[in-house]
2 protein chains.
Amino acid sequence: MRVIISLTEENYLKAIYTLSHLFEESEVSTNQISDHLNNKAATVTDMLKRLSEKKLIHYIPYQGVKLTEKGRQTAIKVVRKHRLWEVFLVDKLQFKWDEVHEIAEQLEHINSDELIQRLDKFLGKPKFDPHGDPIPDANGQLNIVKAIPLNQHKIKGLFTFVGVCEHSKTFLQHLTSIGLKIGDTLKVEEINEFDNSFKVKINKNNSQFFSNKVASNILVEIKK
Amino acid sequence: MRVIISLTEENYLKAIYTLSHLFEESEVSTNQISDHLNNKAATVTDMLKRLSEKKLIHYIPYQGVKLTEKGRQTAIKVVRKHRLWEVFLVDKLQFKWDEVHEIAEQLEHINSDELIQRLDKFLGKPKFDPHGDPIPDANGQLNIVKAIPLNQHKIKGLFTFVGVCEHSKTFLQHLTSIGLKIGDTLKVEEINEFDNSFKVKINKNNSQFFSNKVASNILVEIKK
DNA sequence: ACAAATTTTTAGACTGGTCTAAATTTGATC
DNA sequence: GATCAAATTTAGACCAGTCTAAAAATTTGT
Ligand SMILES: [Mn+2]
Ligand SMILES: [Mn+2]
Ligand SMILES: [Mn+2]
Ligand SMILES: [Mn+2]
């Protein structure tokens, strides 16, 4: 008794999944969802009733919502597809990392298990997408990224750039113009007390300043 | 003033395009469309009004319908995407030729000109899809295939297998089990008057009989 | 603890895409 | 040319997904 999940429903499930991780709370509110999807709250309420009916979410009126196991599996599969397609677009079709999100938003709804499995293999079973986000495996398991934003490390020293918090086109293009790519080594030489900017060397290049806003949106690991 | 064309509308335009070529008539009837799309005739009439409103078809009530230039461009672009994705699935992901149609039915609606252009290049700008159907180029130009079904050649001799009329999974699988692939050489050794079956050698293999039904659904060119 | 502000739900409406049943048009046949 | 069958359109309904406006519940602040 396989229930059919529409494209719209998939987007709601993905939004709930994303928001619950973003705010590290299990309950997601109607307004959070309506903001995220650019829908009105009333519209969201209607959909929540339908998703609840289909046992994809636990919904208590006025109390917010969380995914059931079935809902979580569905959401994570959409995320898996999204990220795999982004890898395809960048690695195989030479798109830039700031150009792929909108296309992946469409491709993530293509429905074929065989296709995902073969695409995954074709791409070499990648673990991360072009933005450093982890790709859930076929069983829905996902490497939790323990990286934290650069500005939360209050220390000088060597870091590896492993991902971004902000995924907007403008931010990604900004990083490109700075000359920063996933995997680069960052040497923090100074932390400026005045404006909390960071003086940083990318790989072996000249040093430059990262604003605190930039530093707060790039995820790094301490380099071993 | 770019009008938005929905997935459903794209499917109607493609159906009209396909049917007008299938029957070599410029006017397509409501019932032909409703049969092809498994919709009721009343539903089709509603949609024809909407497509006409959007200047995608010429529609005169009771008189059938044909595509405007804009409608034709839209339809042919969907066909181009469908066939390019089929090439991708077979050439890059190693799907069999009988497994790709349903997935391509979904992928053909992904909307990104840049994506199609890059996919085309990635695939080596193929001229034909895995079933031998011609792929329209970026300007909507399409090689007209002059091949005709094997059973319409009433002569013995050498032919090249270039395409199929029937695209069903069962027929394609049948050809595979016969051992027949696009590009194979067929040597017609006998045409049986009793049941109009064909005694044929594929490449240099043992000869076998093709029923008239099979012979009527495989497109061949006389081998030079 | 209560009033005000905020959040959420309900009520009612609209569009796109579908259906069934009934009416209309076309065109074939006598 | 009138009659009848088939094709097509119209009328009226339904569902998914969206909206606005109003009502209800919850949270916040004094
Ligand atoms: Mn993305
Ligand atoms: Mn990504
Ligand atoms: Mn196909
Ligand atoms: Mn094909």
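What you see is a predicted model, and the numbers here were worked out from it, not measured in a lab. The chains referred to below are lettered A, B, ... by the order of the sequence lines, with proteins before strands, and numbering in each begins at 1.
- Between A:Y59 and C:dT9, a side-chain N or O to OP1/OP2 separation shorter than 4.0 Å is present.
- As rounded to whole Å, 11 Å separates atom C1' of C:dG27 from atom CD of B:Q63.
- Judged purely by distance below 3.5 Å, without hydrogens or angles, the side chains of A:Q106 and A:E102 never pair a donor atom with an acceptor atom.
- Among the nucleotides D:dC19, C:dA21, C:dG17, the one closest to the side chain of B:E9 is C:dG17.
- Two residues are said to be in side-chain contact when any heavy atoms from C-beta on lie closer than 4.5 Å; B:L56 and B:Y12 fail this criterion.
- Side-chain contact between B:Y17 and B:I76: present, with at least one pair of heavy atoms (C-beta onward) separated by less than 4.5 Å.
- The CD atom of B:E10 sits 16 Å away from the C1' atom of C:dG17 (whole-angstrom rounding).
- Dashed line: the shortest gap from a side-chain N or O of A:T30 to OP1 or OP2 of C:dT9 is under 4.0 Å.
- The listed nucleotides are D:dA25, D:dC19, D:dT9; the one nearest the side chain of B:T45 is D:dT9.
- A close approach under 4.0 Å does occur between a side-chain nitrogen or oxygen of B:N31 and OP1 or OP2 of D:dT8.
- With a 4.5 Å cut-off on side-chain heavy atoms, A:N192 and A:F198 do not count as touching.
- Rounded to an integer number of Å, the gap from CD1 of B:I60 to C1' of C:dT24 is 18 Å.
- A sub-4.0 Å separation between OP1 or OP2 of C:dT8 and a side-chain N or O of A:K40 is absent.
- Within the 4.0 Å cut-off from OP1 or OP2 of D:dA7, not a single side-chain nitrogen or oxygen of B:S29 is found.
- With D:dT26, D:dG17, D:dC19 as the choices, the nucleotide that has an atom nearest any side-chain atom of A:N39 turns out to be D:dC19.
- Comparing C:dT10, C:dT26, D:dG17 by their closest approach to the side chain of B:Y62 singles out C:dT26.
- Comparing A:R50 and B:T43 by the nucleotide of DNA chain D whose heavy atom lies nearest to each, the residue mapping closer to the 5' end is B:T43.
- The two residues A:V188 and A:I155 come nearest to each other via the heavy atoms CG1-O, 4.0 Å.
- In this structure, the CE atom of A:M47 is 14 Å from the P atom of C:dT9, given to the nearest Å.
- Going from atom CG of B:N38 over to atom C1' of C:dG17 covers 15 Å, rounded to whole Å.
- Rounded to an integer number of Å, the gap from A:L37 CG to D:dC19 P is 10 Å.
- In this structure, A:L7 and B:L48 both approach DNA chain D, and ranking their closest nucleotides by distance from the 5' end singles out B:L48.
- When distances run from any side-chain atom of B:D46 to the nucleotides D:dT18, C:dC19, C:dT7, the shortest one goes to C:dC19.
- Here C:dT18 presents its P atom at 11 Å from CG of B:L51, a figure rounded to the nearest Å.
- The phosphate of C:dT10 has OP1 or OP2 within less than 4.0 Å of a side-chain N or O from A:K49.
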